[in-house]
Amino acid sequence: MKLTDTKPDQHGLIRRIGGDAHFANRITAIGLTEDTEFQMVRNDRKMPVLIYLRETLIAVNRTDAERIEVETV
Amino acid sequence: MKTRIALLGQPNSGKSTVYNALTGSRQHVGNWPGKTVEKNDGFYTYKGTKYTVTDLPGSYGLSGNSDEETITADFIRSGQADLVCILVDASQLERSMFMVAEFAALDKPAVLLLNMMDVAKAQKKEIDFKLLQKRLGIPVLPFTAADGKGYGELKELFARELEAPHKLSSVPESADNGSSAQAVLSQSQEKYRWIGAMLEGVTHTAAPEYKLSKFDRIATSPVKGKFLCLGVVLAAFLVAMIICVPIMSVAQMIPQILFEPISNLLNGWNVHPWLVSVFSMMLPNVLYFTLSMAAFVLGVNLAFGFLEEIGFLARAAYQFDGVLSRLGLQGKAICPVLMGFGCTIGGACGTRIMDNWGQRMLAMAVVWAVPCGAIWGVIPVISSMFFGPVGTLLVCLLILCYMVLMMWIVSKVFGRTLAPSETRSGMIMELPPYHKAHWKHILREAFLKAWDIFRRALGTVTLVSLLFYAFSFSGTGSIENSLLYRVGTAIEPVTRFFGLGWQTFMAFLSSAFAKEAVLGVLNATFVGQSSLLEATFFSKTAVQDNAALAVNMVQSISKPEALAFLFACTFNVPCVMALSTTYRESHSLKWTARVALFYIGAALILACIVYHVAVLFM
């Protein structure tokens, strides 16, 4: 499932990060890599998603968040 | 002898705090050669030796995602720094160590600063920094940049390491050195694996379990959060006003106190009247304007410094990113834009929170379109003379609508160069935890900034005032003898086309000097009681006879002319103090002038359109 499909307070693992090398650079530099554990904090319509991972609250805009495949646990 | 230090760190790592604390006011701001990225150099002296410090642009990595990252990597690679001080956030050690992993490939001498130890301690996090130091092979120093302590120890560490430097003894390895997306992903994964190995037993990274605080639940909610942000920014603006008003009212007395003694003194020496009025009227007013401006900058920096330090600005950025990204701006720009309703100077210096120069300049250009508090004081007065109360409300609404359009036009015209589409990527940012405010640090930075603006703007404002002065000076005191009148009446046939007569055109010109001057100049030109000079320079203190103005103005100009004039003044370039602040904040005369010329042109075209359309209906 996509990152944008998870519900608040759901935990999961990042499975696959799509997009180009530029995006891969940006998203990994802030802490999202494949196999990282995360918690969805806020997922409101038309707002960037808020996720918590590596002890950091991170906002990711929806277009980019849709490129991230996750697996909930 | 090696004395060059560079500071490297992610946004929110406290890099600029360390930079400012080390160098104080001994700073130089320039641009990286050929790039619109700000270069900050400063220096300090320790035990008789002068050390230079370069504050490298903040970014999350060094892989060349942006100009900032390329510049930073090239700078370090070229060996222009003898020692790189890497700052990481001790409260989010695993994630912020990514910068160390990126730096490792460059193989240069470094020290590691574990900043925000106070936050880490408050979270009951223990960090075995000695073990980390052993593993990395470079010195590791626990630090709290904002509390102002420990800088002696830091300088001592720098001095020692410059003499006998250390390089990282362990670096992340990667099997795939390509630059494809897949290669980047596996390299990054390798880097985090390396970080994990370095931090094994050094600290414990908790499993993700997060609960938004009550306040943050509101601050991040889609609708309530926006209102909350607007409210907080409004409150910050009020606080800024409360801080600057007392200073302004003291400064306001300067022209009145100095006017008589100076003019009496100079008249006694038989100095030419032109010079007398320059020294007795203009210069004290310039001092007053510049002091007020510095007071405002102080207030804004205190209020916004506070919001930034406690971590609230990141929430505002999160809320407004969607709207502002359409203008090519980051969400953070909401603060300077709202600030612009109060004062364009405040808006312009509020753009210092933007991440890079292009964003900052674009935000300033957009903020200029927001009518400031002073012009909001003029619009209703003139508008009600012609259109009555209901009409005035409509005029204000029209102005607000056009403001949105103008912001869009400006972003279209300048956005392509200042924020090229390849740099406009969707928001991926950290919302830092709320911090306690370090007041000493906030105060220090705000005072430094205000003093800096005051010192630098004094010259610019004097020069522009002198120019305006020369144009509006009249030997006899009546307007007909001033250069401005002659030029104004000579080009009236042209300005008529834009819907402006010579009087309103003159007021239009003076609105670029100080928005408050508009009423005074209209008084001087229509009623003819006071001189143009006094009208402009005593505009903030003089009492206006608006009733007389209403009678004379309504007789002399038509409704379409009045409407055209209102629009032209509102969307003209901001006042000279705001121009000067923009120049000081952007460090680019070229761009300030470019945007200013665009605004003057756009205001005249707007006046022309409004006039010719209004003529059809009125």
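This structure is a prediction, so every number in the text was calculated from the model and none was measured. Quick note: numbers below take in every heavy atom, side chains included, and nothing from hydrogens, waters or symmetry partners. So that the names make sense, note that chain A is the first sequence line, chain B the second, and so on, each numbered from 1.
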Using 0.5 Å steps for rounding, measure from the [atom1] atom of [X] to the [atom2] atom of [Y].
{"X": "B:M427", "Y": "A:I58", "atom1": "CE", "atom2": "CD1", "value": "12.0 Å"}
{"X": "A:L53", "Y": "B:R95", "atom1": "CG", "atom2": "CZ", "value": "8.5 Å"}
{"X": "B:L431", "Y": "A:T56", "atom1": "CG", "atom2": "OG1", "value": "10.5 Å"}
{"X": "A:N25", "Y": "B:E69", "atom1": "CG", "atom2": "CD", "value": "7.0 Å"}

Next item on the list: Could you check if a side-chain atom of B:L212 sits within less than 4.5 angstrom of a side-chain atom of A:L57, using non-hydrogen atoms only?
Entry: yes

Margin query: In the structure I gave you, are the side-chain heavy atoms of A:R42 and B:P222 within less than 4.5 Å of one another anywhere?
Written below: yes

Checklist line | Those residues of residues 32-41 of chain A, ordered by number, that approach chain B below 4.5 Å (heavy atom to heavy atom) | finding: A:T33, A:E34, A:D35, A:E37, A:F38, A:Q39, A:V41

Note to self: Strictly less than 4.5 Å between heavy atoms, which residues of residues 60-73 of chain A line up against chain B? Please order them by number.
What the structure shows: A:V60, A:N61, A:D64

Next item on the list: Could you go through the side-chain contact (heavy atoms from CB on, under 4.5 Å) check for A:E55 and B:K125 one step at a time?
Entry: CA-CA 12 Å; A:E55 306 183 301; B:K125 237 171 233 166; 3.1 Å; yes

Margin query: Shorter than 4.5 Å, heavy atoms on both sides: which option in B:M429, B:E430, B:E94, B:Q123 has the most such pairs with chain A?
Written below: B:M429

Margin query: Heavy-atom pairs under 4.5 Å with chain A: which of B:S186, B:S221, B:S180 has the most?
Written below: B:S221

Next item on the list: Without swapping roles, check the side chain of B:Y318 against the backbone of A:P48 for a donor-acceptor pair under 3.5 Å.
Entry: yes

Next item on the list: Examine A:R54 relative to B:Y192 and say whether NZ or CZ is less than 6.0 Å from the centre of the six-membered ring and inside a 45° cone about the ring axis.
Entry: yes

Item checked: Side chain, backbone, both or neither of A:R26 within contact of chain B (heavy atoms, under 4.5 Å) -> both

Check: Given that the side chain runs from C-beta out, which part of B:T220 has a heavy atom under 4.5 Å from chain A: side chain, backbone, both or neither?
Finding: both

Item checked: chain A contact via B:E209 - side chain, backbone, both or neither, heavy atoms under 4.5 Å -> both

Ignoring hydrogens, what is the shortest heavy-atom contact between [X] and [Y]? Give both atom names and the distance.
{"X": "A:I30", "Y": "B:I428", "answer": "CG2-CG2, 3.7 Å"}
{"X": "A:A29", "Y": "B:Q10", "answer": "O-NE2, 3.7 Å"}
{"X": "B:A181", "Y": "A:A24", "answer": "O-CB, 4.0 Å"}

Item checked: Crowding at CZ, A:R15 (>12 non-hydrogen neighbours, <6.0 Å) -> yes

Note to self: Can you tell me if B:K226 has over 12 outside heavy atoms packed within less than 6.0 Å of its NZ?
What the structure shows: yes

